[in-house]
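The figures that follow rest on heavy atoms only: side chains count, while hydrogens, waters and symmetry mates do not. Small disclaimer: the values here were computed from a predicted structure and weren't measured. To find a chain, count down the sequence lines: A is the first, B the second, and so on, and within it residues start at 1.
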Amino acid sequence: MGLTSQSTGLGTLRELYEVELENQDDIIVGLAGNPNTGKSTVFNSLTGLKQHTGNWPGKTVTNAQGRYEHRGRGYVLVDLPGTYSLLSSSVEEEVARDFICFGNAHLIVVVTDATSLQRNLNLVLQILEITDKVVVCVNLMDEAKRKKIRVDIKRLEEYLGVPVVGTSARKGIGLPELKYAVARMAAGEIVPRVKQIQYENSVEKAIDIVRTQIDKMGIGGLNSRWASLRLIEGDAVLMGAIYEHMEKHYGYQTVKIEIMEEEINKARLLLREEGLDPDGLRDSIVSSIIRTAEEIGNDTVYFGDREYRKLDYRIDRILTSRAFGIPIMIALLGLIFWITIEGANYPSQLLSNVLFRVEDGLTQLFMKWGAPRWLHGMLILGIYRTLAWVVSVMLPPMAIFFPLFTLLEDLGYLPRVAFNLDSFFKRACAHGKQALTMCMGFGCNAAGVIACRIIDSPRERLIAILTNNFVPCNGRFPILIALAAIFITGTRGAFKSVVSTLAVLVAVVLGVIITLVISRILSRTLLKGLPSSFTLELPPYRRPQVGKILIRSLLDRTLFVLGRAVSVAAPAGLFIWLMANLSVEDVSLLDHGARFLDPFGRLLGMDGYIILAFILGLPANEIVIPIIIMSYMASGAMIELDSLDALRELLAANGWTWLTAICTMLFSLNHFPCGTTLLTIRKETRSWKWTLLSFAISTLTGIIICFIVAQGVRLLGFV
Amino acid sequence: MAGKYVPLSSLKPGNVARVRELTMGGNLRRRMLDLGLIRGTRIEVINRSPFGDPVAYSFRGALIALRSEEASGIIVEI
């Protein structure tokens with residue numbers, strides 16, 4: 001399947017870490033740390049990049065790179081995946097470990113969380129075993145202060161033997177000091193004095209056996225003590241990587257490796273005699289590290305208020321309780337949709353008024369210049385009108401929806417959603433974190449597919465990737481919202497937005513149910529298997545930073561998605577205008593296509609134009625509705641499309657009923673992923689087979705559901 | 001009640017125990033160890049999810065949700 005950790009072997013990883021330097025004097029700095037420590041915030045604050053950060057574990061799945069300058073010198077910062085350890089051989093841990101071991105970084109900055117420092121020290125100590133070119137950043141000092149936790153930075157520095165800097169990256173506090181420490185470390189002005197972790201006697205003896213041999217042979221800059229221990233443990237991937245590294249440096253023949261293997265076997269034999277089997281060795285190693293972390297933590301962290309998490313626990317006991325957990329979750333989602341629908345109404349209309357007034361102005365200009373009709377048609381009726389529609393329909397809801405959703409993310413609520421829903425995912429033989437990837441899918445399915453990397457098991461990751469498309473993305477919300485508002489709510493007034501909210505909510509819940517059903521079917525057929533292990537961290541709730549959320553979600557998400565929609569909508573608008581205006585035998589190409597698809601569309605409760613719109617909307621779902629409108633308008637009288645009422649009239653004039661609306665909504669929820677998502681699936685699975693399958697699964701699901709609904713309703717005589 | 005060994009999954013919210021041993025092997029054992037679940041670790045059951053599984057446990061300053069499959073492989077002393 002191309003997703004096992006083995007297949008992402010060192011060769012490919014190396015390529016990942018060919019850190020490109022603008023300037024050969026630049027210093028390469030790796031940024032490591034536990035998930036959820038504000039690592040991305042540190043990265044963004046240092047480099048000025050706007051990488052989105054959220055309060056849930058495993059957000060950094062791709063490796064971002066950024067650059068900053070400090071006292072005339074360039075620093076290239078590489079954001080490594082967040083990990084708790086380097087020993088568990090999940091994909092993220094391998095990526096982080098291989099970069100630290102074999103990459104060309106000059107030093108590593110380890111970001112830790114001041115509010116759970118002891119646990120974070122586990123990773124710090126493991127990295128210090130590999131390299132002593134380390135600067136430790138104790139982040140979230142402001143959160144710690146709020147929780148009455150005090151960290152003795154000086155003392156921690158004495159324990160670790162490398163510079164330690166306290167920061168509150170969200171407020172920019174401590175970052176100059178961090179830069180300064182990095183610069184001094186890189187320049188060799190600081191001599192690290194790292195104390196090695198003491199393992200139990202038999203382990204130390206075993207290390208010595210292998211290390212003596214390694215030191216004789218040379219190991220190309222790796223820490224020989226660390227390498228010895230890894231070789232004795234015998235992780236196949238890492239052993240191969242270490243051998244490859246040695247060969248690269250010294251060009252050893254296999255004979256020499258055999259000499260080493262002899263020593264390794266001697267060491268293992270010694271351990272077995274002392275009663276340590278591989279599992280026992282692992283326990284002993286990890287216990288030594290954790291005990292050391294515990295000891296350091298106990299001596300450097302002071303809790304003014306031991307009960308600081310009690311409030312969190314109390315909140316959790318409500319937000320994830322049997323009685324309220326699910327209702328609160330649905331209510332929150334509903335509230336977000338309601339605010340979005342209600343709040344977007346007015347600005348949407350305002351925008352559309354303005355944009356269509358501009359269209360009139362432009363048309364007059366064209367007339368005045370005596371521009372040919374086809375030019376006016378292509379540029380104004382084709383490109384401009386589609387753009388105007390996409391902007392006025394999409395911008396306001398996005399500008400409301402994204403900040404609200406980011407707020408939930410920032411608070412730390414999303415992991416609780418995964419916690420609430422995990423039981424369903426387990427029954428579907430899928431991974432609980434799939435719920436998190438679905439949450440990302442609400443924003444953009446392509447982002448949701450990328451987020452699936454947080455799932456370790458290849459089988460469950462594939463399930464999550466293949467089903468991500470069943471949650472409606474931002475490009476499809478406008479279809480759902482508009483159609484719900486028009487057809488399901490005939491009424492005007494206060495209840496209108498409530499009813500459309502309910503309709504969208506039902507659609508979303510339906511999407512989740514379909515996801516679960518398809519996941520289960522996949523688990524029973526193509527992707528047979530049992531659920532793998534599941535551990536999910538529920539991070540402390542954090543006070544969200546409203547100002548930053550607004551800016552971040554507006555700039556990063558809203559404008560990004562809108563930009564994509566606009567760049568797709570412009571050529572699509574032109575293409576559709578051409579199709580509507582180029583005729584063969586007096587019938588436009590658009591009509592030809594629609595007529596051809598019409599019987600099929602009717603079977604599914606829609607018509608040929610709608611099906612054609614979905615097909616032409618492959619590049620981006622955002623343009624489906626504009627295409628439908630353009631097709632209808634091209635064949636009928638021109639309507640000033642300045643309100644949902646006008647849209648309703650237009651659709652009704654073209655034979656739409658509430659059943660058409662429902663089937664269109666259903667098909668919008670269940671049809672092939674958009675072009676970007678398909679390409680992302682191809683990239684993530686490295687297989688066209690799975691990409692095609694995701695196309696087929698979602699489309700077939702949509703066809704079956706629409707067919708049943710349409711035929712069922714007709715049979716019962718409701719329409 | 002000291003000195004009684006039971007699987008973690010049998011505890012109820014509010015209960016406190018210490019890790020005695022892990023019965024699982026391989027990669028899952030590594031994951032549990034990396035979370036800090038070594039012998040002697042104090043662990044408190046915080047709350048169950050709406051459908052009873054998974055359950056959130058607090059240990060080493062973190063709140064971690066485990067499914068019953070994992071929790072039943074962790075023997076604790078109460």
Side-chain angles (χ1 to χ4, degrees), chain A residues 83-90 93 113 115-120 122-123 278-279 282-283 285-291 293-294 297 301 309 312-313 316-317 320-326 329 415-416 418-424 426-427 432 456 530-540, chain B residues 7-9 11-77:
Chain A
T83 60
Y84 295 107
S85 158
L86 296 176
L87 298 171
S88 298
S89 63
S90 70
E93 293 187 10
D113 175 355
T115 63
S116 57
L117 188 62
Q118 196 201 91
R119 215 161 78 86
N120 284 233
N122 182 22
L123 180 70
D279 273 350
R282 166 71 59 170
D283 283 19
I285 293 172
V286 176
S287 300
S288 299
I289 299 173
I290 289 177
R291 293 234 164 80
E294 199 173 0
V301 185
R309 279 210 75 168
D312 271 13
Y313 295 159
D316 269 331
R317 284 194 182 116
T320 63
S321 65
R322 181 183 289 265
F324 303 115
I326 303 287
M329 196 178 74
R416 273 77 188 179
F419 183 61
N420 280 339
L421 293 178
D422 178 62
S423 168
F424 294 118
K426 190 167 106 180
R427 265 175 263 168
D456 294 328
L530 291 169
S532 71
S533 75
F534 169 76
T535 57
L536 175 75
E537 186 182 0
L538 302 171
Chain B
L8 180 60
S9 52
L11 300 190
K12 294 194 168 47
N15 288 3
V16 177
R18 284 189 185 273
V19 175
R20 179 67 196 182
E21 70 172 309
L22 306 178
T23 59
M24 64 282 270
N27 213 17
L28 181 55
R29 187 186 191 86
R30 293 180 181 192
R31 292 225 146 262
M32 296 299 133
L33 287 171
D34 278 334
L35 288 174
L37 289 171
I38 59 172
R39 180 176 289 196
T41 302
R42 183 183 182 277
I43 186 162
E44 183 183 348
V45 188
I46 300 300
N47 68 314
R48 296 178 190 279
S49 59
F51 300 96
D53 188 32
V55 176
Y57 301 96
S58 153
F59 51 91
R60 295 192 182 277
L63 188 60
I64 309 273
L66 300 176
R67 283 179 177 169
S68 58
E69 283 79 356
E70 280 81 50
S72 60
I74 300 167
I75 306 298
V76 295
E77 185 177 356

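Proximity to chain B is limited to the side chain of A:S116, based on heavy atoms less than 4.5 angstrom apart. With a threshold of 4.5 angstrom between heavy atoms, B:R29 approaches chain A through side-chain atoms but not through N, CA, C or O. At a 4.5 Å heavy-atom cutoff, the contact between A:N122 and chain B is made by side-chain atoms alone. Heavy-atom distances place no part of A:F324 under 4.5 Å from chain B, backbone and side chain included. Residue contact with chain A, scored on non-hydrogen atoms closer than 4.5 Å, involves the backbone and the side chain of B:L66 alike.
Between chain B and the residues A:L421, A:D283, A:D316, the most heavy-atom pairs under 4.5 angstrom are made by A:D283. Put simply, of B:N47, B:I64, B:L63, the one with the most heavy-atom pairs under 4.5 Å next to chain A is B:L63.
Side chain of A:D279 to main chain of B:G25: no donor-acceptor pair is present (N/O by atom type, distance under 3.5 Å, no hydrogens or angles). A:R119 places no side-chain N or O within donor-acceptor distance of the main-chain N or O of A:Y84, the cut-off being under 3.5 Å. Looking at B:T41, its side chain does come within 3.5 Å of a backbone N or O of B:G36 through a donor-acceptor pair.
Donor-acceptor pairing under 3.5 Å is lacking for the side chains of A:S287 and B:R39. Side-chain N/O atoms of A:D422 and B:S49 include no donor and acceptor closer than 3.5 Å.
For B:E69 and A:K426, the salt-bridge test passes: some basic side-chain N is under 4.0 Å from an acidic carboxylate O.
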